[in-house]
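Note that the structure is predicted; figures quoted are calculated from it, not measured.
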Amino acid sequence: MSKTSALAKVSTLNEVKKNEDITSLSHAIFPGTHCPLFGVAMIASFIEDLVVLVAGTQECTYYVKNFVHNRQKGKDNFYSVITDKHDITFGAENKLREVIKEIDETLNPKGIMVVTTCVLELIGEDVEGLGRVLEEEVNAKILVVPTEHFKCNSHIPGMERSLEKLIGLMEKNRVEEKTVNILGHRQVGIEDTELMQVLAKAGITINSVLPSKCTIEKLKNVSKGALNIVTDFIALPLAKQMKDHFNTPYVYFGKPLSLERIKEKYKAIETILNIGILKQLQDKEEELNRLVIETKERLKDKTFIYGNTPMMAFEVASYLCELGLKPELIQVRELYDNDDLFMEEIKSHRYNPYITKIANIAPMEKVYDELKPNLYIGHENPMNLMKRNIVQITLDDVTKKIGYEVPIYALKKILLSYRQQDEMKKKMMAMSKGGVRHGVV
């Protein structure tokens with residue numbers, strides 16, 4: 001590696017033992033990660049009758065208001081308290097108290113989520129304590145979610161905290177057999193997923209889906225569910241809280257890609273609910289096996305860079321290694337539970353890719369020229385990749401799926417993207433040759 005390499009100071013997989021070992025490609029990070037406030041907006045905006053009060057600077061409140069306004073098509077329920085120099089010096093308690101009471105009196109909501117941003121957290125404003133006091137004075141339940149970005153590197157803590165706080169709106173109920181809750185799913189159309197369809201055929205009823213099909217009234221009845229199926233790791237803290245408060249068991253389904261791991265999750269659900277569902281999925285298993293064989297044949301020894309996607313970076317990279325692809329560089333937010341398992345699986349193939357932080361796209365152009373990967377998985381400027389003949393694959397739609405349909409969709413997308421770029425390259429070569437002959441004639 002030359003001294004001018006963009007990768008000169010980046011750790012490789014063998015050197016990564018803790019989060020601090022994962023560095024960015026440059027100190028000037030661009031475009032950077034989302035903040036926890038964005039995470040709260042992604043969760044709370046799904047809950048139809050929850051009022052959200054964001055307390056922070058003009059920039060914070062405008063940013064989240066604009067995002068939610070577009071996401072909810074103008075029907076947003078986010079309000080703002082803008083903190084100024086006086087609040088930073090003398091505290092914002094009185095202003096917050098006044099606004100919360102006004103919202104309670106004028107809107108009469110059942111719940112108010114008060115979100116504090118960096119400035120209030122930095123000056124140590126005790127909004128959690130204010131919320132406990134105000135609950136004695138207002139009708140609404142008060143949920144306080146801090147979103148200080150200076151303590152983390154992404155929006156994930158905001159999503160986890162806002163989901164976990166919802167337990168404050170739940171009530172203890174008698175458990176109803178053959179019912180489940182889905183925790184963490186944040187896409188519309190969950191009834192179309194593989195998991196929902198096989199559960200319905202097995203006579204299982206969906207009690208609630210958090211947060212994508214959720215109201216405060218429905219939250220009161222969440223504890224009726226006999227099982228929580230966690231489809232995104234951001235809901236694991238809530239699932240653990242519900243296990244403690246209501247003794248509700250949970251299965252973390254996530255987005256596993258290997259057939260064996262998916263089967264293991266389905267078996268866990270079968271055992272707890274005492275039903276049979278795997279027999280319904282034999283066609284899916286066979287389809288996945290056929291796609292695995294095709295992928296191994298077409299993409300063996302192809303190299304890839306893993307970028308910013310909604311999937312778990314090391315888990316996806318490990319699966320691709322199993323299919324015969326070689327990782328050159330993997331971009332991650334931070335280390336999560338179970339990442340060590342997938343990291344060891346990658347090492348077992350004798351691969352030692354570079355590991356960097358995500359959302360630092362600007363310096364990647366030098367990396368492409370140096371590593372020359374065949375595939376890039378994640379978001380990037382398509383032109384940056386196309387001019388280098390790198391096939392780009394985005395997997396955002398995978399988040400809408402649960403079960404065998406996750407790897408089936410992912411492999412189909414990878415094969416399709418690779419085939420399309422290959423065909424495009426052949427056409428361009430043919431046009432180039434045709435142009436020369438035409439010129440000669």
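- Under the 3.5 Å distance criterion, the side-chain polar atoms of Asn207 are left unmatched by any main-chain donor or acceptor of Thr179.
- Taking all atoms of both residues into account, the shortest heavy-atom contact from Asp301 to Asn374 is O-OD1, 4.5 Å.
- Under a 3.5 Å cut-off, the side chain of Asp232 and the backbone N or O of His185 do not form any donor-acceptor pair.
- A donor-acceptor pair is defined here as one N or O able to donate and one able to accept, closer than 3.5 Å; no such pair exists between the side chain of Asp339 and the backbone of Leu335.
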Checklist entry - Checking salt bridge (charged side-chain N to carboxylate O under 4.0 Å, His left out) for the pair Arg290/Glu287: CA distance, chi angles, key distance, verdict? => result CA-CA 5 Å; Arg290 286 195 298 272; Glu287 183 181 5; 5.4 Å; no
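- In the displayed structure, Asp337 atom CG is contacted under 6.0 Å by at most 12 heavy atoms of other residues, nucleotides or ligands.
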Next on the checklist: Set out, in order, the CA-CA distance, both residues' side-chain angles and the distance that settles salt bridge (charged side-chain N to carboxylate O under 4.0 Å, His left out) for Lys366 and Asp369, then state yes or no.
Outcome noted: CA-CA 5 Å; Lys366 291 182 181 177; Asp369 294 333; over 6 Å; no
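- Rounded to the nearest 0.5 angstrom, Leu385 CG and Gln392 CD are separated by 5.0 Å.
- Judged purely by atom type and a 3.5 angstrom limit, Lys326 has no side-chain atom pairing as donor or acceptor with the backbone of Tyr351.
- Heavy-atom minimum distance, Gly131 versus Ile142: CA-CG2, 3.8 Å.
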Item to check | From CA spacing to verdict: salt bridge (charged side-chain N to carboxylate O under 4.0 Å, His left out), Lys220, Glu217 | outcome: CA-CA 6 Å; Lys220 291 179 181 176; Glu217 197 60 36; 3.5 Å; yes
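- Checking side-chain atoms of Asn77 against main-chain N and O of Glu48 turns up a donor-acceptor pair under 3.5 Å.
- Checked against a 6.0 Å centroid threshold, the rings of Phe67 and Phe38 count as neighbours.
- For the pair Asn360/Ser26, a side-chain contact is recorded, criterion being any heavy-atom separation below 4.5 Å from C-beta on.
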Item to check | Working for side-chain hydrogen bond (donor to acceptor under 3.5 Å, both in side chains), residues Tyr368 and Glu380 | outcome: CA-CA 12 Å; Tyr368 303 141; Glu380 232 298 17; 2.6 Å; yes
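- Using cut-offs of 30° and 60° for the angle between ring planes, the Tyr336 and Phe233 rings count as tilted.
- If you look at Tyr376 and Phe304, their ring centroids are not closer than 6.0 Å.
- Geometric assessment of Arg71 against the ring of Phe46 yields a positive cation-pi assignment under the 6.0 Å and 45° thresholds.
- Contacts classified as side chain to side chain donor-acceptor pair (under 3.5 Å) and involving residues 191-206 (residues at least two apart or in different chains) are given here: Glu191-Lys213, Glu194-Tyr266.
- For the pair Lys165 (side chain) and Val145 (backbone), a donor-acceptor distance under 3.5 Å is absent.
- Of the possible polar contacts, one joining the Arg388 side chain to the Asn384 backbone as a donor-acceptor pair under 3.5 Å is found.
- In this structure, Lys9 contributes its side chain and Ala6 its backbone to no donor-acceptor pair below 3.5 Å.
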Item to check | Worked verdict on Leu411 versus Tyr319 for side-chain contact (heavy atoms from CB on, under 4.5 Å) | outcome: CA-CA 11 Å; Leu411 294 184; Tyr319 184 66; 3.8 Å; yes
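- With respect to Thr303, the side-chain contact (heavy atoms from CB on, under 4.5 Å) criterion is satisfied by exactly one of Pro327, Pro353, Pro373: Pro373.
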